[in-house]
Amino acid sequence: MASSLLLVLKRIEREIELGLQPLLDEFGLTIEQWRIMAALREEPGQPMSVLAESAVLPAASLTRHVDKLVERGLVLRRVHPGDKRRIVTALSPVGGTVAERVAAAQRSLERGVTKYFQMEIHERSSSATHR
């Protein structure tokens, strides 16, 4: 039975989140906090408005999550050196270490998803050929 791409992607997202949960629990992180850290790992020094989009979070809840990460010493928040009205964020050294461990686990989970998709594509093309 064919599923819509939206449902397939949601299932994949859920599988990866469930796979990461034990490690996130070990570090006391929520999935939203991990998305913030992952976005900062990819692109340090993001202003809060950009970070909300990068982490796929509503701006209204971003500040609360960043505040908790700052309190725990995982994220640094500074005034932008070129524009005193802007705040930029980056991972702290400890945050970078945590982010690297979680990112390694995420890459491993993503490899499993890639293998699943390769098999799924092969099966779908084979069944389409036999029709």
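No experiment lies behind these values; they were computed from the predicted model shown. In this chain, residues are counted from 1 in sequence order. Side chains included, hydrogens not; waters and symmetry mates left out as well; all remaining heavy atoms used.
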**OP:** State whether the side chain of Glu17 and the backbone N or O of Ile31 hold a donor-acceptor pair below 3.5 Å, judged by distance alone.
**Re:** no

**OP:** Verify, without hydrogens or angle tests, whether Thr97 (side chain) and Pro93 (backbone) share a donor-acceptor contact under 3.5 angstrom.
**Re:** yes

Original post:
Do Thr63 and Met48 come within less than 4.5 Å of each other through their side chains, counting heavy atoms only?
Top reply: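 Thr63 vs Met48: side chains touch.
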
Original post:
Do Arg85 and Val79 come within less than 4.5 Å of each other through their side chains, counting heavy atoms only?
Top reply: no

Heavy-atom pair of closest approach, residues [X] and [Y]:
X	Y	answer
Pro44	Ala90	CB-CB, 4.3 Å
Leu91	Ala99	CD1-CB, 3.8 Å
Thr89	Leu51	OG1-CD2, 3.4 Å
Arg78	Leu76	NH2-CD2, 4.1 Å
Pro22	Gly19	CD-O, 3.5 Å
Ala39	Gln46	O-NE2, 2.9 Å

Original post:
Run the side-chain contact (heavy atoms from CB on, under 4.5 Å) check on Leu23 and Leu29 step by step: do they pass?
Top reply: CA-CA 9 Å; Leu23 192 54; Leu29 295 171; over 6 Å; no

Cluster link [X] to [Y], ILVMFWY, side chain under 4.5 Å:
X	Y	result
Val66	Phe27	yes
Val75	Leu57	yes
Val50	Leu62	no
Val88	Val70	no
Leu40	Val94	yes

**OP:** Measure the spacing between CZ of Arg64 and CG of Leu69 and express it to the nearest 0.5 Å.
**Re:**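 Atom-to-atom, Arg64:CZ and Leu69:CG are 11.0 Å apart.
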
Subject >> Distance in Å, Ile16 CD1 paired with Ser108 OG, rounded so as to fall on 0.5 Å steps >> reply: 10.5 Å

Original post:
Are Lys68 and Glu71 ion-paired here, with the side-chain N under 4.0 Å from a carboxylate O?
Top reply: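 So Lys68 does not pair with Glu71 through a salt bridge.
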
Original post:
With sequence neighbours excluded, what pairs up with Arg77 under the salt bridge (charged side-chain N to carboxylate O under 4.0 Å, His left out) test?
Top reply: Asp67

Original post:
Got a sec, which pairs hit salt bridge (Lys or Arg N to Asp or Glu O under 4.0 Å) with one end in residues 29-49, sequence neighbours left out?
Top reply: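 Matches after skipping sequence neighbours: Arg41-Glu100.
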
**OP:** Could you go through the side-chain hydrogen bond (donor to acceptor under 3.5 Å, both in side chains) check for Glu110 and Gln106 one step at a time?
**Re:** CA-CA 6 Å; Glu110 289 168 354; Gln106 183 173 313; 2.9 Å; yes

Original post:
Given Leu24 and Thr30, is the side-chain contact (heavy atoms from CB on, under 4.5 Å) satisfied, shown in steps?
Top reply: CA-CA 7 Å; Leu24 295 177; Thr30 65; over 6 Å; no

